[in-house]
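The first residue in the sequence is number 1, and the count goes up from there.
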Amino acid sequence: MLTLTENADAVVTTIVGREDTSAEAGLRIQTAEGQGPNGEARFAVHVVPSPEPADVVVEGAASRVFLEDNAAEALSDKVLDAGVDEEGAVSFTILPQPV
């Protein structure tokens with residue numbers, strides 16, 4: 001199952017808290033149209049008030065991430081990391097899980 005780094009947990013908590021303060025809110029990851037430059041899957045993220053019925057819910061220390069079915073399958077052995085640059089732009093990185 002997808003895991004979150006401490007950075008990702010903090011960034012998701014901040015992003016979700018800015019847009020929706022309800023306890024059920026979270027960041028939803030779903031597959032996006034097309035493929036990345038190396039043929040890999042692409043993903044879209046959105047803050048949502050609650051998970052869809054079929055979503056897989058990943059609980060971070062302080063955040064919730066909802067994965068639609070295809071995203072859950074593609075990310076089942078991955079780690080989600082996040083960072084914020086000097087201008088405040090957020091970027092997410094998908095990494096392999098450590099062995």
Side-chain angles (χ1 to χ4, degrees):
M1 178 183 292
L2 178 74
T3 59
L4 307 178
T5 65
E6 288 182 24
N7 286 343
D9 187 50
V11 169
V12 169
T13 300
T14 300
I15 291 171
V16 172
R18 287 182 186 163
E19 293 193 32
D20 192 325
T21 57
S22 72
E24 291 294 310
L27 188 75
R28 186 165 196 263
I29 301 176
Q30 62 190 53
T31 53
E33 293 293 321
Q35 295 181 334
N38 297 319
E40 69 275 10
R42 293 178 41 158
F43 302 96
V45 298
H46 309 279
V47 174
V48 295
S50 62
E52 295 290 324
D55 284 353
V56 173
V57 178
V58 176
E59 300 275 350
S63 65
R64 299 176 79 205
V65 174
F66 312 134
L67 303 172
E68 61 93 17
D69 192 45
N70 291 330
E73 185 177 327
L75 300 173
S76 66
D77 61 346
K78 304 294 185 213
V79 175
L80 182 67
D81 193 16
V84 181
D85 69 16
E86 309 82 43
E87 292 148 16
V90 174
S91 62
F92 289 101
T93 305
I94 298 169
L95 306 167
Q97 285 187 355
V99 178

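- Of the candidates Val56, Thr3, Val58, Val16, Val58 is the only one forming a side-chain contact (heavy atoms from CB on, under 4.5 Å) with Val65.
- Once rounded to the nearest 0.5 Å, the distance linking CE of Met1 with CG of Asp77 reads 12.5 Å.
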Show the numbers, then the answer: is there a side-chain contact (heavy atoms from CB on, under 4.5 Å) between Leu4 and Ser63? CA-CA 9 Å; Leu4 307 178; Ser63 65; 3.6 Å; yes
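- With a 4.5 Å cut-off between side-chain heavy atoms of Ile, Leu, Val, Met, Phe, Trp and Tyr, the cluster of Phe66 takes in Val48, Val57.
- Contact detail for Pro96 and Val79: the closest heavy-atom pair is O-CG2, 4.0 Å.
- Note that CG of Leu2 is 9.0 Å distant from OG of Ser76, once rounded to the nearest 0.5 Å.
- Of all heavy-atom pairs between Glu24 and Pro51, the closest is O-CD, 4.1 Å.
- Other residues, nucleotides and ligands contribute more than 12 heavy atoms inside 6.0 Å of the CD atom of Glu59.
- Distance check, rounded to the nearest 0.5 Å: CG of Leu80 to CG of Asn7 gives 10.5 Å.
- Thr14 is linked by a side chain to side chain contact (heavy atoms under 4.5 Å, CB included) to Arg18, counting only residues two or more places apart in sequence or in another chain.
- Closest of all the heavy-atom pairs between Pro49 and Ser22 is O-OG, 3.9 Å.
- In the hydrophobic clustering of this structure, Val12 does not group with Leu95; members are Ile, Leu, Val, Met, Phe, Trp, Tyr whose side-chain heavy atoms approach within less than 4.5 Å, directly or through other members.
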Checking Thr93 against Asp81 for the side chain to side chain donor-acceptor pair (under 3.5 Å) test, could you report, in this order, the C-alpha distance in whole Å, the side-chain angles of both residues, the deciding distance, and whether it holds? CA-CA 5 Å; Thr93 305; Asp81 193 16; 5.5 Å; no
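- Within 6.0 Å of the CD atom in Glu6, the count of heavy atoms belonging to other residues, nucleotides or ligands does not exceed 12.
- Ala8 and Ala82 get closest at one heavy-atom pair: CA-CB, 3.7 Å.
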Solution key, residues 26-36 side-chain donor-acceptor pairs under 3.5 Å, sequence neighbours excluded:
unit_1, atom_1, unit_2, atom_2, d
Arg28, NE, Asp55, OD1, 3.4
Arg28, NE, Asp55, OD2, 2.8
Arg28, NH1, Gln30, OE1, 2.7
Arg28, NH2, Asp55, OD1, 2.9
Thr31, OG1, Glu68, OE2, 3.0

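- Interatomic distance, Thr13 OG1 to Asp9 CG, rounded to the nearest 0.5 Å: 4.5 Å.
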